[in-house]
Peer 1: 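Provided herewith is a single structure, encoded as structure tokens, for subsequent inquiry.
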Amino acid sequence: MVQKLEKIWMDGKLIPWDEAKVHVLTHTLHYGLGIFEGIRCYLCEDGRSAVFRLREHIDRFFDSALIGTLSLPFSKKEIADACKETLRANGLKAGYIRPLAFIGEGAMGVYPGDNPVRVAIITWSWGAYLGEGALEKGIRAKTSSFTRHHVNVMMTKAKIAGNYVNSVLAKKEAMKLGYDEALMLDTEGYVSEASGENIFIVKHGVIKTTPLTSILPGITRDSVIQLAKSMKIPVVEEKFTRDELYTAHEAFFTGTAAEITPIREVDDRPIGEGKPGPVTKELQAVFFDIVRGKNPEFKEWLDYL
Ligand code: PPE
């Protein structure tokens, strides 16, 4: 459960947590056209807090708005500043930031008319997204019975609220069956992404990840690609099948919430030795050094509070 904090930023100002409410006629609640982001803030070794790749998250938020035809009543700078302001107002040194834009009340029916576009920013503390020990031991994934969106059915490059019905159904199914995460295939049957993460595999020292077609362009995915290149590990962005995943030496998920989570098993088959592999562990170590301000090479990724 999300632990209640002091303040939520809503439509331009900080208000008490309990007052951040909406009417049931909120258009997005009925039809799902809203957009959101997920950003992490880390406590660095020098005691300061830094938001990880804030600029890229704000850019994606505005891309989602463009794709979703929502005209945001704030500038990029205003939203970025508000993310930091909300963290500060809550005294949160490390945590998750959730900017959300939605269509408010007014007209009913699919056509939203000129209902106002509203924006909220919520922050909370979030530990290991895929469960206790997930980052250290790896998780068990199951290929979902739900296919990931066809690129002309949903706009997969936007973080649109309604897109996540597919994720929620897949995740609930996987959890009910006793797995930690749902792996989804695209409409052609190739590996796409998980309910809330991108996926990577490693074989013979080469890293492979799905191309940016049916997936959300993950910012953690991009970070891992850049890290791997700086570590001189070859990376290819290419479609792959589930059997290629079964026979990979290593596999891991990436996401803001999930960070870099090793996959130790898929569809009851162990990946490699059934535990986090050396490449995954090395990437995790470098990633966590960067987010905690210990690696000057990628210091432009950190936006200090
Ligand atoms: N694919 C999907 C479908 C997705 O939701 C995420 C993030 C990613 C890939 C990875 O993107 P990025 O965070 O930029 O590396 N999922 C967010 C939502 C999780 C949730 O349950 O809510 C997240 O990790 O913040």
Side-chain angles (χ1 to χ4, degrees), residues 5-17 19-23 26-29 31-42 48-107 112-124 126 155-164 212 216-223 226 255-257 291 298-305:
L5 298 174
E6 287 284 309
K7 304 275 188 194
I8 286 175
W9 187 95
M10 213 160 170
D11 302 321
K13 55 180 192 291
L14 288 164
I15 58 171
W17 182 279
E19 285 171 25
K21 292 182 178 159
V22 293
H23 196 273
T26 296
H27 195 273
T28 303
L29 204 53
Y31 307 109
L33 181 59
I35 58 150
F36 68 97
E37 258 313 313
I39 314 169
R40 265 192 197 268
C41 172
Y42 289 91
R48 290 188 293 165
S49 294
V51 181
F52 184 65
R53 304 197 73 179
L54 179 60
R55 193 182 337 109
E56 290 82 352
H57 281 282
I58 300 298
D59 283 347
R60 191 173 64 186
F61 190 60
F62 278 74
D63 285 349
S64 294
L66 177 85
I67 296 168
T69 68
L70 296 184
S71 130
L72 299 178
F74 298 97
S75 67
K76 285 188 179 179
K77 184 173 185 314
E78 284 169 323
I79 300 289
D81 288 347
C83 287
K84 297 205 267 185
E85 193 190 342
T86 312
L87 287 167
R88 275 190 229 107
N90 287 304
L92 210 55
K93 299 283 273 173
Y96 191 77
I97 315 165
R98 168 58 53 85
L100 169 74
F102 58 96
I103 305 174
E105 58 183 292
D114 55 8
N115 291 16
V117 173
R118 305 187 56 188
V119 185
I121 300 170
I122 312 105
T123 56
W124 65 83
W126 230 5
M155 301 293 103
T156 62
K157 289 186 182 46
K159 234 171 141 57
I160 289 178
N163 285 4
Y164 280 81
L212 290 177
L216 184 79
I219 291 160
T220 324
R221 174 189 179 279
D222 176 73
S223 307
Q226 292 198 46
T256 299
V291 299
F298 293 94
K299 63 175 187 311
E300 73 281 2
W301 285 353
L302 299 182
D303 203 316
Y304 288 94
L305 278 201

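Heavy atoms only: backbone and side chains are in, while hydrogens, waters and symmetry mates are out. Everything numeric here is computed off the predicted structure, so don't read it as measured data. When a residue number appears, it is its place in the shown sequence, counting from 1.
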Peer 1: Quick one, Asn163 and Thr156 - any side-chain contact, counting heavy atoms below 4.5 Å?
Peer 2: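 Result no, sub-4.5 Å side-chain heavy-atom pair not found.
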Peer 1: Give me the atom names and distance for the closest heavy-atom approach of Pro73 to Val119.
Peer 2: CD-CG2, 4.0 Å
Peer 1: In Å and rounded to the nearest 0.5 Å, what is the CD1 to CZ distance from Ile219 to Arg40?
Peer 2: 13.5 Å
Peer 1: May I ask you to test the Thr123-Trp9 pair for a side-chain heavy-atom distance under 4.5 Å?
Peer 2: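 No; the side chains remain at least 4.5 Å from each other.
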Peer 1: Can you tell me if Glu19 uses its side chain to pair, donor with acceptor, with the backbone of Pro16 under 3.5 Å?
Peer 2: no
Peer 1: Over all heavy atoms of both residues, which pair between Arg60 and Pro217 is shortest? Give the atoms and the distance, please.
Peer 2: NH1-O, 3.0 Å
Peer 1: Drop me the distance from Ile8's CD1 to Thr86's OG1, to the nearest 0.5 angstrom.
Peer 2: 9.0 Å
Peer 1: Where do Phe74 and Gly12 come nearest, in terms of heavy atoms and distance?
Peer 2: CZ-N, 3.5 Å
Peer 1: In sequence, state the C-alpha distance, the side-chain angles, and the governing distance for Leu33 and Ile160, and then conclude on side chain to side chain contact (heavy atoms under 4.5 Å, CB included).
Peer 2: CA-CA 6 Å; Leu33 181 59; Ile160 289 178; 4.2 Å; yes
Peer 1: In Å and rounded to the nearest 0.5 Å, what is the CD to NZ distance from Glu85 to Lys13?
Peer 2: 12.5 Å
Peer 1: Looking at every heavy atom in both Ala107 and Asn115, which two are closest together, and how far apart are they?
Peer 2: N-OD1, 2.7 Å
Peer 1: Kindly say whether Glu105 contributes a backbone atom to a donor-acceptor pair with the side chain of Thr26 at under 3.5 angstrom?
Peer 2: no
Peer 1: When you compare the side chain of Val22 with that of Met10, does any pair of heavy atoms fall below 4.5 Å?
Peer 2: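 A side-chain contact under 4.5 Å exists here.
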Peer 1: Just by modelled atom types, is the Thr256 backbone N or O under 3.5 Å from a matching donor or acceptor in the Thr220 side chain?
Peer 2: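 Here the side-chain-to-backbone pair exists.
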Peer 1: Tyr42 vs Phe52 aromatic rings, parallel, tilted or perpendicular, using cut-offs 30° and 60°?
Peer 2: perpendicular
Peer 1: Might you work through the side chain to side chain contact (heavy atoms under 4.5 Å, CB included) test for Cys83 and Ile58, ending with a clear yes or no?
Peer 2: CA-CA 10 Å; Cys83 287; Ile58 300 298; 4.2 Å; yes
Peer 1: Would you check if Val51 and Leu305 make a side-chain contact, meaning some heavy-atom pair closer than 4.5 Å?
Peer 2: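 A side-chain contact exists here, since the closest heavy-atom pair is under 4.5 Å.
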Peer 1: Would you mind telling me which of Leu216, Leu100, Ile35 makes a side-chain contact (heavy atoms from CB on, under 4.5 Å) with Lys159?
Peer 2: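 Of the listed options, the one satisfying the test is Leu216.
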Peer 1: May I ask you to test the Trp17-Ile122 pair for a side-chain heavy-atom distance under 4.5 Å?
Peer 2: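 A side-chain contact under 4.5 Å exists here.
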Peer 1: Identify the residue among Asp59, Asp63, Asp81 that makes a salt bridge (charged side-chain N to carboxylate O under 4.0 Å, His left out) with Lys76.
Peer 2: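 It is Asp59, the one option of Asp59, Asp63, Asp81 that forms the salt bridge (charged side-chain N to carboxylate O under 4.0 Å, His left out) with Lys76.
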Peer 1: May I ask you to decide if the ring planes of Tyr31 and His27 are parallel, tilted or perpendicular, using 30° and 60° as cut-offs?
Peer 2: tilted
Peer 1: With a 4.5 Å cut-off on side-chain heavy atoms, are Glu37 and Ile97 touching?
Peer 2: no
Peer 1: Considering all heavy atoms of both residues, which atom of Lys84 and which atom of Tyr304 are nearest to each other, and what is their separation?
Peer 2: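 What the structure gives for the nearest pair is NZ-O, 3.7 Å.
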Peer 1: For Lys299, is the NZ atom crowded, meaning more than 12 foreign heavy atoms sit under 6.0 Å from it?
Peer 2: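 Open: at most 12 neighbouring heavy atoms sit under 6.0 Å from NZ of Lys299.
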Peer 1: Drop me the distance from Met155's CE to Ile67's CD1, to the nearest 0.5 angstrom.
Peer 2: 8.0 Å
Peer 1: Mind listing the closest non-hydrogen atom pair of Arg53 and Asp222 along with its distance?
Peer 2: NH1-OD2, 2.8 Å
Peer 1: So, taking the atom named CZ in Arg221 and the one named CG in Leu212, what distance separates them when rounded to the nearest 0.5 Å?
Peer 2: 4.0 Å
Peer 1: About how many Å separate CZ of Phe61 and CD1 of Ile39, when rounded to the nearest 0.5 Å?
Peer 2: 8.5 Å
Peer 1: With a 4.5 Å cut-off on side-chain heavy atoms, are Cys41 and Leu92 touching?
Peer 2: no
Peer 1: So does Glu6 have more than 12 non-hydrogen atoms from other groups sitting under 6.0 Å from CD?
Peer 2: no
